[in-house]
Novice: 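This is the structure I want to talk about, given as structure tokens.
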Amino acid sequence: RAKKTGKNRYCYFNQSLNDKALKNIEIGAGLHEAIKNDEFVLYYQPQIDLNSGDIIGAEALIRWVKRDGQIISPADFIPIAEKNGSIVPMTHWVIQQACIDCARWHRAGHSDLFVSVNVPSTVLAEGNLAEIIRTECSAAGIEPCYLEVELTESVILENGDHIQQQLQDIRDMGVSLAIDDFGTGYSNLSYLSRLNVQKLKVDQYFVMNLLKSNQDRTIVHAIAHIADSFGMKTVAEGVEEDLLIEPLRELRCNIGQGYLWSKPIPVLSFMGLLGQGASSQDMPEVPA
Ligand code: C2E
Ligand code: MG
Ligand code: MG
Ligand code: MG
């Protein structure tokens with residue numbers, strides 16, 4: 001009897017694994033087409049200066065809108081895109097679109113706002129990122145200092161020559177660098193100090209547990225302290241309740257990002273949030 005149950009279980013497990021594998025193959029195949037078919041959209045989530053309460057910029061977060069209107073979350077396709085190589089043209093598209101949108105905010109009178117984009121180390125290792133950034137900033141008409149590149153902690157470990165050179169070139173242009181989800185990886189602190197990073201983004205897990213866990217509070221404090229001593233800013237991600245704002249200020253976090261202020265939203269909604277909806281002088285760009 002036990003054996004039979006075991007066998008059934010095995011079959012069930014196997015079937016669901018199979019479904020997942022099939023789904024992933026389908027996603028992988030669709031990714032290459034998605035760029036050509038214009039199926040990606042960027043949503044924007046504001047970053048707020050915790051002292052002034054002002055919106056100072058926004059993170060670009062990709063969404064895949066299938067033809068039937070279904071929206072696929074990046075968690076479901078970015079890992080696949082990294083494996084099948086489509087992450088390289090996808091990241092190029094993200095940088096291009098983010099620069100175009102940031103230029104619109106500037107033209108609408110919000111001329112200090114920055115935009116940040118997520119760049120995996122696989123893209124830094126392969127592509128010519130510095131050149132792409134230079135080209136897209138100049139095509140959109142924004143100074144590179146309004147672009148921020150979010151790297152993962154793994155980039156600090158994989159400090160190969162090519163990656164290091166790319167990062168140096170990007171920094172020389174005036175682009176700022178941020179380390180995403182900081183605190184969950186294995187950062188090499190001496191390399192971090194040499195990387196010339198401007199921001200550490202504290203992983204949302206620590207932020208969400210701030211009021212419940214002394215340990216997580218201590219971690220946030222330590223990260224903010226490291227950032228301070230290296231002349232970097234600290235961004236708290238995943239801020240969902242206003243009870244967190246005061247403690248975050250006390251722990252010397254400078255910037256907040258989270259559902260408390262806004263979920264990631266389409267560009268026109270973001271411009272509405274800025275107090276400037278889509279006006280006639282700001283018609284959508286004609287695609288090049
Ligand atoms: P991330 O870069 O750490 O982005 C932050 C994620 O946290 C976003 O999820 C955002 O919606 C979510 N978030 C922000 N505030 C809150 C909050 O208060 N509560 C909760 N529960 N969540 C919050 P999203 O947009 O689903 O993106 C997930 C991850 O996918 C990103 O994590 C990033 O690693 C990756 N990703 C998103 N867009 C891109 C992209 O254009 N390129 C690449 N390479 N990766 C991307
Ligand atoms: Mg990010
Ligand atoms: Mg993050
Ligand atoms: Mg994350």
Side-chain angles (χ1 to χ4, degrees), residues 27 31 34-35 39-48 55 57-65 71-102 114-127 129 132-133 136 147-155 176-185 187 197-211 220 223 234-245 248 253 255-267 269-270:
I27 288 177
L31 278 170
I35 298 181
E39 290 171 358
F40 291 125
V41 177
L42 289 185
Y43 276 25
Y44 292 95
Q45 188 177 35
Q47 284 189 11
I48 280 80
I55 296 178
E59 176 173 9
L61 294 155
I62 198 168
R63 301 289 182 265
W64 185 2
V65 185
I71 297 183
I72 306 187
S73 128
D76 291 331
F77 65 84
I78 294 287
I80 300 171
E82 288 204 53
K83 282 197 198 100
N84 78 3
S86 55
I87 192 72
V88 175
M90 184 190 301
T91 303
H92 187 158
W93 176 83
V94 169
I95 291 168
Q96 179 182 49
Q97 190 59 47
C99 289
I100 290 171
D101 289 336
C102 184
F114 65 84
V115 69
S116 71
V117 295
N118 293 281
V119 174
S121 46
T122 44
V123 174
L124 268 177
E126 283 178 35
L129 194 72
I132 287 171
I133 288 177
E136 296 307 337
L147 184 68
E148 184 168 286
V149 167
E150 295 192 7
L151 307 162
T152 56
E153 275 184 275
S154 67
V155 111
S176 77
L177 302 178
I179 307 292
D180 208 352
D181 306 335
F182 194 81
T184 55
S187 276
V197 164
Q198 280 63 54
K199 282 184 186 172
L200 298 183
K201 299 189 79 177
V202 181
D203 192 81
Q204 47 182 267
Y205 174 87
F206 302 116
V207 175
M208 287 169 171
N209 288 310
L210 204 65
L211 301 175
V220 175
I223 292 174
T234 306
V235 185
E237 288 194 273
V239 181
E240 292 189 354
E241 21 174 6
D242 57 10
L243 279 177
L244 284 169
I245 295 183
L248 284 170
C253 289
I255 299 164
Q257 181 180 340
Y259 293 176
L260 170 63
W261 295 283
S262 171
K263 289 193 168 183
I265 47 179
V267 64
S269 312
F270 177 68

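Counting convention: from 1, in listed order, for ligands and their atoms alike. Index from 1, following the sequence.
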Novice: Answer yes or no for E59: is there a heavy-atom contact with ligand 1 below 4.0 Å?
Specialist: yes

Novice: Any side-chain heavy-atom pair from P120 and T91 closer than 4.5 angstrom?
Specialist: yes

Novice: Would you compute the distance between atom CD of E237 and atom CD of Q47 and round it to the nearest 0.5 angstrom?
Specialist: 8.0 Å

Novice: Say whether Q204, considering both its backbone and side-chain N or O atoms, lies within less than 3.5 Å of an N or O atom on ligand 1.
Specialist: yes

Novice: Side chains of Q45 and E59: do they bring a donor and an acceptor to under 3.5 Å?
Specialist: no

Novice: In the structure I gave you, are the side-chain heavy atoms of Y205 and D181 within less than 4.5 Å of one another anywhere?
Specialist: no

Novice: Answer yes or no: is there a side-chain heavy-atom contact under 4.5 Å between D101 and V115?
Specialist: no

Novice: Is there at least one pair of N or O atoms, one from Q45 and one from ligand 1, spaced under 3.5 Å apart?
Specialist: yes

Novice: Which atom names give the shortest non-hydrogen contact between Q204 and G238, and what distance separates them?
Specialist: CB-CA, 3.7 Å

Novice: Would you say D181 has an N, O or S atom lying under 2.8 Å from the Mg ion (ligand 3)?
Specialist: yes

Novice: Taking the Mg ion (ligand 3) as the vertex, what is the angle from OD1 of D180 to OE1 of E237, given to 10 degrees?
Specialist: 90°

Novice: Pairs of nitrogen or oxygen atoms closer than 3.5 Å, one from A60 and one from ligand 1: do any exist?
Specialist: no

Novice: Where does L61 meet ligand 1, judged by heavy-atom distances below 4.0 Å: at the side chain, the backbone, both, or neither?
Specialist: both

Novice: Any heavy atom of R63 closer to ligand 1 than 4.0 angstrom?
Specialist: yes

Novice: Has S116 got an N, O or S atom lying less than 2.8 Å from the Mg ion (ligand 2)?
Specialist: no

Novice: Give the atom numbers and elements of ligand 1 that come within less than 4.0 Å of a heavy atom of E240.
Specialist: 17 (C), 18 (O), 19 (N), 20 (C), 21 (N)

Novice: Compare all side-chain heavy atoms of I78 with those of W64 and state whether any distance is below 4.5 angstrom.
Specialist: no

Novice: Say whether, by atom type as modelled, one donor and one acceptor occur between the side chain of E150 and the main chain of V117 under 3.5 angstrom.
Specialist: no

Novice: Could you work out, with side-chain contact (heavy atoms from CB on, under 4.5 Å) as the rule, every residue matching I48, not counting sequence neighbours?
Specialist: P46, I55, W261

Novice: Do L61 and N118 have side chains that get closer than 4.5 Å, going by heavy atoms?
Specialist: yes

Novice: Under a 4.0 angstrom heavy-atom cut-off, which atoms of ligand 1 come close to P264?
Specialist: 11 (O)

Novice: Within the 4.0 Å heavy-atom shell around D181, which atoms of ligand 1 are there?
Specialist: 3 (O)

Novice: With respect to the Mg ion (ligand 2), what is the nearest N, O or S atom of E59?
Specialist: OE2

Novice: Run the numbers for me: atoms of ligand 1, each under 4.0 Å from some heavy atom of P120, listed by number.
Specialist: 44 (N)

Novice: Please work out whether the ring planes of Y44 and F270 are parallel, tilted or perpendicular, with thresholds of 30° and 60°.
Specialist: tilted

Novice: Can you tell me which portion of M90 lies within the under-4.0 Å heavy-atom range of ligand 1? Options are side chain, backbone, both, or neither.
Specialist: neither

Novice: Looking at L42 and V94, what are the two nearest heavy atoms and their distance?
Specialist: CD1-O, 3.7 Å

Novice: Go through ligand 1 atom by atom and flag the ones less than 4.0 Å from a non-hydrogen atom of D180.
Specialist: 1 (P), 2 (O), 3 (O)

Novice: Determine whether E136 and H92 make a side-chain contact, defined as any pair of heavy atoms from C-beta on separated by less than 4.5 Å.
Specialist: yes

Novice: Could you tell me which N, O or S atom of E150 is nearest to the Mg ion (ligand 2)?
Specialist: OE1

Novice: Taking atom 29 (C) of ligand 1 as the point of reference, which of S73, A178, P74 owns the nearest heavy atom?
Specialist: P74

Novice: Can you find a non-hydrogen atom of M208 under 4.0 Å from ligand 1?
Specialist: yes

Novice: Counting both backbone and side chain atoms, is some N or O of N118 under 3.5 Å from an N or O of ligand 1?
Specialist: yes

Novice: Within the 4.0 Å heavy-atom shell around G258, which atoms of ligand 1 are there?
Specialist: 15 (N), 18 (O)

